[in-house]
Amino acid sequence: MTTHSAERSYGTSVDDQSTRSNGSITAATIATRFGILLCLLFVGAVFNLVSFSSFSLSLSDAWQALVHFDNNQLSQQVIRTLRLPRLLTAMTAGAGLAVAGVLMQGLTRNPLASPSLFGIGYGAALAFTLSATGFIPLLSVIPVSVVCFLGALITGLIMFFLAGLHLSRMNPIRMVLAGVAMNFLLVSVVRGLVIFADDHAFGVYYWLIGNISNATFPDIWMAIPPILLGLVIAVFISHPLNLLSLGEERMQSLGGSLTPLRLLSGLAITLLTGASVSIAGPIGFVGLMVPHIGRRIVGHDHRILIPFSALLGAILLVYSDILARAINFPIDTPIGIVTALLGAPFFFYLASLKTRGR
Amino acid sequence: MRLMSVSIFLLLMWALLVSLSLTQGAVVLSLSDIWSVWQQGTLTEHFVLWNHRLPRMIIATLVGMSLALSGCMVQSVVRNPLASPDILGVTSAAALAVVGLLIYWPDANVHWIPFAALIGGFSAAGLLLLLTTKRLAEPSHLALIGLALGALFSAIVDYLLSKYPLEINGAMLWMTGSVWGRNWSHLPLILPWLMVLVPGAIYLCYRLDVLSLGQEKAASLGLKVTHLQVVTLLMAIALASVSVSVCGAIAFVGLVAPHIARFLMGGRHFPVIIIAMLLGAIILLAADIFARAIAPPLEFPAGIFVAMIGAPYFIFLITRYKHW
Amino acid sequence: MTQKLFLFVASFFISTLTLASTSVNDEMGVFTIDSVPDRVVVLEFSFVDALANIGVSPVGVADDGDANNLIDAISSKVNPWTSVGNRYQPSLEVIASLKPDLIIADPDRNASIYEDLKRIAPTVVLKSRGETYQDNLDTFVKIGTIMGQETAVKARLEEHHQRMDTLAEQISSNFRFQFAVANERGLWMHGPKSYAGSVMERLGLRVATAEERETAYIATTLEQLLNANPDVFLLGEYGETTIVDTWKTNPLWSLMSATKSDRFYEADPRLWSLNRGMIAAELMAEELVELINKP
């Protein structure tokens, strides 16, 4: 069948060329690259705290706001209560979406896979839209982040069975197809509700593109535990994921077992995506883009790739957030638009690299 | 034989939907009413039937067929189960052209919207082929570039809509796809294309079967692989652009109809194409009936119901399919 | 010869008198109608307001399937109507079955079905969605002309302006005003290009976002709201809880001029944002007077 041959040609394409191009990375180079990333993150974070404001914010304000906070100073207030939660949201959601992307691509062995394929993002979006447009009044009593997270969890659970993760013989194609179908279903329902909502439409639409302009501390505190749990699980399953990239047969012959791996990655993807989306909206491209960049820089070993991608995802969103403020200053552009505008050229880069390697 | 029985079954289903499509809606008619309206109807009934329901039914059928065929052709070149007309970036380019027209040229005549969409779609296709000329032999390369273009265009659309929020409803409506308000004047926009491209696709079936054996093998059997791929893609792009220009960006039909057809018919192209077109017509027609008869006088965009009908059935097929 | 000329002139006058053909400039060019329409179908809320002001009841309204979308002050002035569906996709079948002799449509939403509408009944396309206060008055005059009620329109307009002027005198203040809508995830200020903003300017008030002339609805964070710093802040909330509930717990919220001087009010988003028209504008002005003169 066509679908099967397609899987074979696709399943190998990522693995082949990355092992070829990154075979000779030493521990020292990897440490250096992590170091560079940390510096980038620090610079971006500081800049994010003080740049592009309607008020003039200085570095010393930022320092003061973090170290000895004086709540009579307007500028320190702005940094501490508006900029800081925004920065933390960018970092948390970036790390969460990026690692979810690594897991998704590792599990399906499809380089086009991303967390959004699993429908989880739009599961959260549907829950949000239902609550925001008042179609289910009960939902508006619950805090909106919780509603989103519940939506994501329920979708994750449904997808788990639809994708056949509970079966002993699971096919990545089935998973991807089921994910696409689910995603389309949710997207259409959300779109229908948005059109119907009329006057609310732009409110919902802003959120659907992904937007962190109005981040708050309570939301972040709620999102951090599931994201941390997801990251821990991801690191925990990084070795079996390496085995899986050799193919299911090889993996089993090497003593790895598939079912627990699938269960745990499904759980981690749901936790990471659900929590990220609930605070930042379904920001696209982070989960798709970051794993590819990560593989280019540190190679294919998931034990390194996962923490590296987490950092990279955080950096990506921190800088995107700065851009989001800069593009149309003083009006904020939704951050999802920035990641999409960055993501598109990235694809061209990816495609050109792929062919040069051959 | 299987092709015969499946297609007769689907044709009967389509006929049933046609009769529903003509009788149901905010004004309910019976089949005998249709006859009497044909003979001598009041102005209203005449309008409802001949200027509204009949062209709408025909447009839904044709666009459904065209999207499904486009999906078959894309999937035969780009061997990824996610392949659909959408990944070529055609849909998003058409959306960009239309949203751009709505925002920057609000006084433009609405009749230009289909042409804007068509031009957008074809420009994107031209760009795609230009960017991939040297590596057409690599379907995954094509898919990546197509996705990239699509992503770029939809990002710009999102940006425009966030700057001009007043246009969101209209643009969303167009991006979801709808058969509402389509009439006889839309028929010439799609029918001639189908009359050329459907026979063309059937003519290519055998070659595409050979291509599915693998590029090397196909080439060794004397097939001009690149040539065939370009022609097939161009046909797919034309079909997708035309459909989008008439009904807006109706997603999912192009992805799901070929898959379902393959579940039913196996891998050969001829039966798959025939069944996929029938399925496409059925899905879109059923979606449009739901869209306007579920809560009259409210009308919903058919694009929503495409996924609501298509996705559960597709998921059902996925879970029942034994040969994973 | 003279007799012939006389006959010709006379017949010309008689024909114009009996046919009473009226024309107005609409968004599609020139709209001409031969007789005063009786059964009117409207495809936007603001047209109901216009008709109500000259005592005409529409037979069909695109009210999104819920008559409560119109504020009582407007719907109580007209007879019950038949819903013709959503504003974005009105049902052509229902419109046809109402057998209207005039359809009033919006250029943004209904342009694509203009041809179909014309087949059902004479269709005039007038600005509604995204209109300002002045646009709305122009539309009212046109609708009045089509309905053959120029005198009623003149009288009503005069009354309206008098009323607005009286109300404006009662408000007159140097405060900077702002209306905004909020949902759970964001807040949008309605600038001078929006209906609410332009009504405020009509009343001679200063709008806090006076410089923003391009975008009607301005996406706003708490940081930007502080920067705009309105002295009187009206908020229309969609939903039980909105982003503003979170903002209220932020110490920065109390630094805003409107909250400092306790001039932060909740407003009905249906009145301030959905229902545009003279009745709505007067109600908005009355609400402002009441709020400002509160001790």
Side-chain angles (χ1 to χ4, degrees), chain A residues 1-7 9-10 13 110-112 117 161-162 164 167 169-171 173-174 176-178 180-182 184-189 191-192 194-196 198 201-202 205-206 209 284-285 327-328 331 333-334 336-341 343-348 350-351 354-355 358, chain B residues 75-76 79-83 87 131-132 134-135 138-141 143-145 147-156 158-159 161-163 165-166 168-169 172-173 175-176 212 214 251-252 255-256 259 262 266-267 300-301 303-308 310-312 314-315 318-319 321 323-324:
Chain A
M1 249 193 80
T2 354
T3 39
H4 284 250
S5 60
E7 180 228 337
S9 69
Y10 248 81
S13 58
N110 188 329
L112 299 185
L117 266 186
F161 291 103
L162 290 183
L167 302 171
R169 272 179 53 79
M170 170 271 206
N171 187 310
I173 308 258
R174 168 175 175 168
V176 167
L177 284 181
V180 171
M182 189 65 166
F184 266 121
L185 182 62
L186 294 167
V187 167
S188 337
V189 177
R191 279 206 180 142
V194 169
I195 297 168
F196 198 70
D198 196 66
F202 50 87
Y205 189 73
Y206 253 60
I209 311 173
F285 291 97
I327 291 180
N328 200 10
I331 294 172
T333 305
I337 292 177
V338 178
T339 58
L341 287 173
F346 165 76
F347 261 116
F348 291 115
L350 186 73
K354 270 190 85 152
T355 32
R358 295 207 167 188
Chain B
Q75 284 178 12
S76 62
R79 308 289 214 68
N80 187 305
L82 295 181
I87 69 158
L131 287 169
T132 53
K134 286 178 195 147
R135 300 158 207 149
E138 272 178 84
S140 66
H141 180 74
L144 275 177
I145 297 281
L147 270 181
L149 283 175
L152 183 65
F153 298 140
S154 17
I156 302 175
D158 279 342
Y159 177 68
L161 289 185
S162 78
K163 257 191 112 172
L166 211 54
I168 286 177
N169 297 74
M172 244 353 184
L173 191 59
M175 288 194 286
T176 312
S212 66
F252 209 60
L255 176 77
V256 84
H259 274 299
R262 221 169 285 125
F300 299 92
I304 299 175
F305 290 92
V306 165
M308 283 189 183
F314 187 49
I315 290 171
I318 289 174
T319 51
Y321 188 60
H323 311 288
W324 287 118

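Letters go in sequence order (proteins before strands), and every chain restarts at 1. Basis for what follows: all heavy atoms, side chains included, without hydrogens, waters or symmetry-related copies.
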*Quick one: which of Leu152(B), Thr176(B), Ile156(B) has the most heavy-atom pairs under 4.5 Å with chain A, could you say?*
Thr176(B)
*In chain order, what residues pass the ring pair (Phe, Tyr, Trp, His ring centres under 6.0 Å) check against Phe153(B), with sequence neighbours excluded?*
none
*Side chain, backbone, both or neither: which part of Ile315(B) has a non-hydrogen atom closer than 4.5 Å to chain A?*
side chain
*Side chains of Val306(B) and Val256(B): does their closest heavy-atom pair fall under 4.5 Å?*
no
*Applying side-chain contact (heavy atoms from CB on, under 4.5 Å), name anything that partners Ala311(B), two or more places apart in sequence or on another chain.*
Ala181(A), Leu185(A), Phe252(B)
*Which region of Tyr159(B), side chain (C-beta onward) or backbone (N, CA, C, O), has a non-hydrogen atom less than 4.5 Å from a non-hydrogen atom of chain A, or is it both or neither?*
both
*Do the side chains of Met175(B) and Leu161(B) get nearer than 4.5 Å, heavy atoms only?*
yes
